[in-house]
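In what follows, chains carry the letters A, B, and so on, assigned in the order in which the sequence lines appear, proteins first and then strands, with residues in each chain numbered from 1.
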There are 2 protein chains.
Amino acid sequence: MNIGDVAERAGLPPKTIRYYEEIGLVRPLRSTNGYRSFQESDLHKLTFLGRARALGFSIEDCRTLLGLYEDDTRESAQVKAVAEEHLGEIDRKITELQAMRATLSHLVNACHGDERPDCPILEDLSGLGAD
Amino acid sequence: MNIGDVAERAGLPPKTIRYYEEIGLVRPLRSTNGYRSFQESDLHKLTFLGRARALGFSIEDCRTLLGLYEDDTRESAQVKAVAEEHLGEIDRKITELQAMRATLSHLVNACHGDERPDCPILEDLSGLGAD
DNA sequence: ATAAAGGTTCCAGTGACTGGAAGCTCAAGC
DNA sequence: GCTTGAGCTTCCAGTCACTGGAACCTTTAT
């Protein structure tokens with residue numbers, strides 16, 4: 001398979017796949033013309049990577065997870081630990097965004113949004129929030 | 001005020017303040033010794049920036065908001081539009097993170113996390129998810 | 001013969017800082 | 001006066017995970 005084929009099947013842009021090779025996540029063979037030649041196992045790995053990235057795992061987490069995936073002596077506890085750590089990170093981000101959301105939606109509701117300059121949003125940002 | 005003083009009062013690292021000057025968000029005067037010399041208005045702007053950034057506004061949004069803040073002919077509708085756009089972005093991120101969270105926590109719960117290699121998390125990532 | 005599509009490498013840019021090196025200035029203590 | 005340390009300066013490089021683009025090569029179809 002050429003890069004375009006794997007790209008389509010794995011649902012990843014060719015650029016991303018080249019980047020993954022550059023950082024050592026996949027190591028496709030090369031044809032005599034210099035083109036990358038992907039095997040089923042490469043496609044499999046790339047699909048794995050696409051899914052893991054879609055769940056928000058960092059590239060380094062993906063590297064770890066791929067390593068565990070290919071290691072039959074792994075313990076599921078190792079995988080679970082990585083996933084739980086990431087889950088905690090997601091929860092932290094959600095909490096942070098919800099706090100922003102709360103403040104901001106409050107301010108947006110308080111703002112008339114008309115042609116006059118008075119604006120509770122700017123007042124809050126400027127620290128004059130007498131709310 | 002020297003940079004360390006404003007940094008402390010605005011709650012921003014000196015590095016960040018220098019960066020904000022570099023991209024034109026603040027323009028402190030200079031003392032004869034070459035040190036940046038901040039006025040109250042600069043401190044005020046930096047505090048504004050710190051709050052806006054804490055609400056997740058991008059630097060470009062901050063630039064726009066600062067501009068509106070200093071423009072007495074502004075219409076509050078302009079401010080509200082920026083804020084609403086950002087609020088929508090926050091909501092999109094929250095939704096995305098919650099979807100990740102749902103999938104991931106489901107997988108984490110399904111994983112025994114023991115010394116054996118069987119792992120629903122890896123199975124799902126590898127596309128063998130027969131769930 | 002040519003043109004389009006797809007492949008290759010390499011370099012630069014993204015956002016918003018952050019770390020570190022090399023060097024200058026200032027205030028305090030001896 | 002001299003030294004020490006803190007704080008200031010600039011500049012360069014790195015972060016993360018790509019993404020865009022240039023310049024060039026290969027394959028396939030017309």
Contacts of [X] that satisfy salt bridge (Lys or Arg N to Asp or Glu O under 4.0 Å) - sequence neighbours left out:
X        : answer
B:Asp71  : none
A:Arg116 : A:Asp114
A:Arg18  : none

Check your understanding: Partners of A:Arg53 by side chain to side chain donor-acceptor pair (under 3.5 Å), sequence neighbours excluded?
Key -> none
Between side-chain atoms of residues 19-29 of chain B and protein atoms elsewhere (two or more places apart, or another chain), which donor-acceptor pairs fall under 3.5 Å?
{"residue": "B:Glu21", "atom": "OE1", "partner": "B:Arg30", "partner atom": "NH2", "Å": "3.3"}
{"residue": "B:Glu21", "atom": "OE1", "partner": "B:Arg36", "partner atom": "NE", "Å": "2.4"}
{"residue": "B:Glu21", "atom": "OE1", "partner": "B:Arg36", "partner atom": "NH2", "Å": "3.0"}
{"residue": "B:Glu21", "atom": "OE2", "partner": "B:Arg30", "partner atom": "NH2", "Å": "3.4"}

When you measure from the side chain of [X] to the backbone of [Y], do you find a donor-acceptor pair of N or O atoms at a distance under 3.5 Å?
X        : Y        : value
A:Ser31  : A:Gly34  : no
B:His112 : A:Ser76  : no
B:Asn109 : B:His106 : no

**Study point:** Sequence neighbours excluded, every pair satisfying ring pair (Phe, Tyr, Trp, His ring centres under 6.0 Å) that has a member inside residues 84-104 of chain B
**Key:** B:Phe57-B:His86
**Study point:** Terminal contacting nucleotides, 5' and 3', DNA chain D versus chain A (heavy atom, 4.0 Å)
**Key:**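 Going 5' to 3' along DNA chain D, contacts run D:dA17 to D:dT27.
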Review point. Charged N to carboxylate O below 4.0 Å: is that the case for A:Glu75 and A:Lys80?
Key: no
Exercise for review: Return the value, rounded to whole Å, for the distance between atom CE of A:Met1 and atom P of C:dG6.
Suggested key: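 Atom-to-atom, A:Met1 to C:dG6, this comes out as 17 Å.
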Review point. Can you tell me how far P of C:dG15 sits from CD1 of B:Ile23, to the nearest Å?
Key: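 It works out to 10 Å between those atoms.
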Check your understanding: Which pairs count as salt bridge (Lys or Arg N to Asp or Glu O under 4.0 Å) when at least one residue sits in residues 83-96 of chain B, sequence neighbours excluded?
Key -> A:Arg101-B:Asp91, B:Glu89-B:Arg92
**Study point:** Sub-4.0 Å heavy-atom contacts from residues 52-60 of chain A onto DNA chain D, ordered by number
**Key:** A:Arg53, A:Ser58, A:Ile59
Point to revise | Of residues 2-19 of chain B, the positions that come close to DNA chain D - non-hydrogen atoms, cut-off under 4.0 Å | key: B:Asn2, B:Ile3, B:Gly4, B:Lys15, B:Arg18
Donor-acceptor pairs under 3.5 Å, side chain of residues 2-15 of chain A to any protein atom, not counting sequence neighbours: which ones?
{"residue": "A:Asp5", "atom": "OD2", "partner": "A:Asn2", "partner atom": "N", "Å": "3.3"}

**Study point:** Proximity to DNA chain C (any heavy atom under 4.0 Å), residues of residues 30-43 of chain A only
**Key:**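 A:Arg30, A:Gly34, A:Tyr35, A:Arg36, in order of number.
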Point to revise | Non-hydrogen atoms of B:Leu107 and B:Pro120 that approach each other most closely | key: CD2-O, 3.9 Å
